[in-house]
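All values reported here derive from a predicted model rather than from experimental measurement.
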Amino acid sequence: MPRTQSGGQPTIVSIAQRAEVSIASVSRVLNGLGARRDTVERVERAAAELGYVPNAVARSLKDGRTRQLTFAMPDIGNPVYVAMVRAIQSVTKAAGYRLLLHSTDAVVDDELAVLRSLGDRTSDGLIICPIRITDEHVQALRTAAGPVVVIGSLPDDVPVDSVRADSVAGAALAVRHLHETGRRRIAFVNGPPDTVPGRNRDEGFRTAMAECGLVYDDALVVHTDFGIDSGAEAAERLLADDASRPDAVFCANDQLALGVARALHSRGLRIPEDVAVAGMDDSLLAQAGWPTLTSVDLGSTERGRHAAELLLERLRTPDGTHPLAPRTSTAPPRLVVRASTAPTAVNS
């Protein structure tokens, strides 16, 4: 650590002495309040020569801001949330904020603890992705000590900004595509039905099956966790009886779809000639397997970016003078067709 001539750490006093200006002038320059150009140059040069580093803690105590934001997600290893992290950080970093990451493992108590931690002033705001919304979530969101943006669906009466995916429409896109390619026994591997994405994707699947004139068959529907191994186990259940084997499997996310593909490969079944496979999220995993995976893009990057923009807008508005009602936006889904459902599609 650089020292002044007296042996202490650099301070605004020692900078003032080195620059031969007043302490008030140094304070103005270091706090970006403006000064004459020659004064700014002398102060900045003196600060650099002495190795002065501003005390971020002291500054946060002074203005009540930590210049840190938190992003809490269910699974830090899921490529969907990795894409969100990159998008959020690009926006928040440009605005001068650090981004703190927290993986909740979709544990309700952990999510509630993160919401309540806003009262500790460890960060100035929170972006959170809960996959379940309980009464406790609603209460914590209503009483949060700082601005919160939820990536996900909320009840209409919760006064918090949110950015949603249209999983219902996205699931329907996938099912209609499978039907258009000639599939008639379409199985569905979904996540837990008590989660928001699980519930919405089930609704989209049922709606599209009815629109296509196909019968919903409980024997072709498996609810499990949102993971690769869970997808492989679900596929084994669906493939147990060759006579009732599905000719397509729609999966509630890409991780499940990769697990299903793994099980199909292990049985010597061809994708898509014997069984077509489609996923959701269009994450990096969709292009990682062979054949490449048809998937529904739910706009992970766009949702992350917009959530960050909404949070920063709230932070720019002084407390007690919010002119904006809670805002909700929805990212439209987009089907990306690849080789797992269309033999002529390019594996890329």
- Pairs flagged by salt bridge (charged side-chain N to carboxylate O under 4.0 Å, His left out) wherever residues 139-151 is involved - sequence neighbours left out: Arg142-Asp157

- Task: Could you note down all residue pairs passing side chain to side chain donor-acceptor pair (under 3.5 Å) where residues 79-96 supplies at least one of them, sequence neighbours left out?
- Result: none

- Message: Suppose the criterion is ring-ring contact (aromatic ring centres under 6.0 Å, His included): which pairs have a residue in residues 224-251, not counting sequence neighbours?
- Response: Phe188-Phe250

- State which residues pass side chain to side chain donor-acceptor pair (under 3.5 Å) with His306; sequence neighbours excluded, sorted by chain then number. Ser329

- Task: Examine the side chains of Thr294 and His177 and answer whether a donor and an acceptor come within less than 3.5 Å of each other.
- Result: no

- Query: Under 3.5 Å, is there a donor-acceptor pair between the Asp202 and His223 side chains?
  - Reply: no

- Message: Between Leu269 and Leu239, is the side-chain contact (heavy atoms from CB on, under 4.5 Å) condition met? List the steps.
- Response: CA-CA 10 Å; Leu269 294 170; Leu239 300 171; 4.1 Å; yes

- With a 3.5 Å cut-off and no angle check, do the side chains of Thr328 and Ser162 form a donor-acceptor pair? yes

- Query: How would you list, by chain and number, every residue that makes a salt bridge (Lys or Arg N to Asp or Glu O under 4.0 Å) with Asp75, sequence neighbours excluded?
  - Reply: none

- With sequence neighbours left out, what residues match Phe71 under ring pair (Phe, Tyr, Trp, His ring centres under 6.0 Å)? none

- Mind jotting down which residue pairs meet the salt bridge (charged side-chain N to carboxylate O under 4.0 Å, His left out) criterion with at least one end in residues 243-262? Sequence neighbours excluded, please. Asp229-Arg262

- Which pairs with one or both residues in residues 282-303 pass salt bridge (charged side-chain N to carboxylate O under 4.0 Å, His left out), sequence neighbours excluded? Asp282-Arg338, Asp297-Arg334

- Note on the structure: Per side-chain contact (heavy atoms from CB on, under 4.5 Å), Val260 is matched among Val249, Ile271, Val275 by Val249

- Message: Quick test of your reading: applying salt bridge (charged side-chain N to carboxylate O under 4.0 Å, His left out), list the pairs with at least one residue in residues 126-141, sequence neighbours left out, ordered by first then second residue.
- Response: Arg132-Asp194

- Message: Between Arg67 and Asp124, is the salt bridge (Lys or Arg N to Asp or Glu O under 4.0 Å) condition met? List the steps.
- Response: CA-CA 7 Å; Arg67 305 303 295 179; Asp124 298 331; 5.6 Å; no

- Message: List the residues meeting salt bridge (Lys or Arg N to Asp or Glu O under 4.0 Å) with Glu211, not counting sequence neighbours, and say none if there are none.
- Response: Arg176

- The salt bridge (Lys or Arg N to Asp or Glu O under 4.0 Å) partners of Arg184 (sequence neighbours excluded) come to none

- Query: Run the side-chain contact (heavy atoms from CB on, under 4.5 Å) check on Val189 and Leu238 step by step: do they pass?
  - Reply: CA-CA 9 Å; Val189 178; Leu238 293 170; 3.9 Å; yes

- Message: Applying salt bridge (Lys or Arg N to Asp or Glu O under 4.0 Å), can you list everything that pairs with Arg267, at least two apart in sequence or on another chain?
- Response: Glu236

- Item | Audit row: Glu309, Leu312, side-chain contact (heavy atoms from CB on, under 4.5 Å) steps and yes/no | CA-CA 5 Å; Glu309 292 168 347; Leu312 291 175; 5.9 Å; no

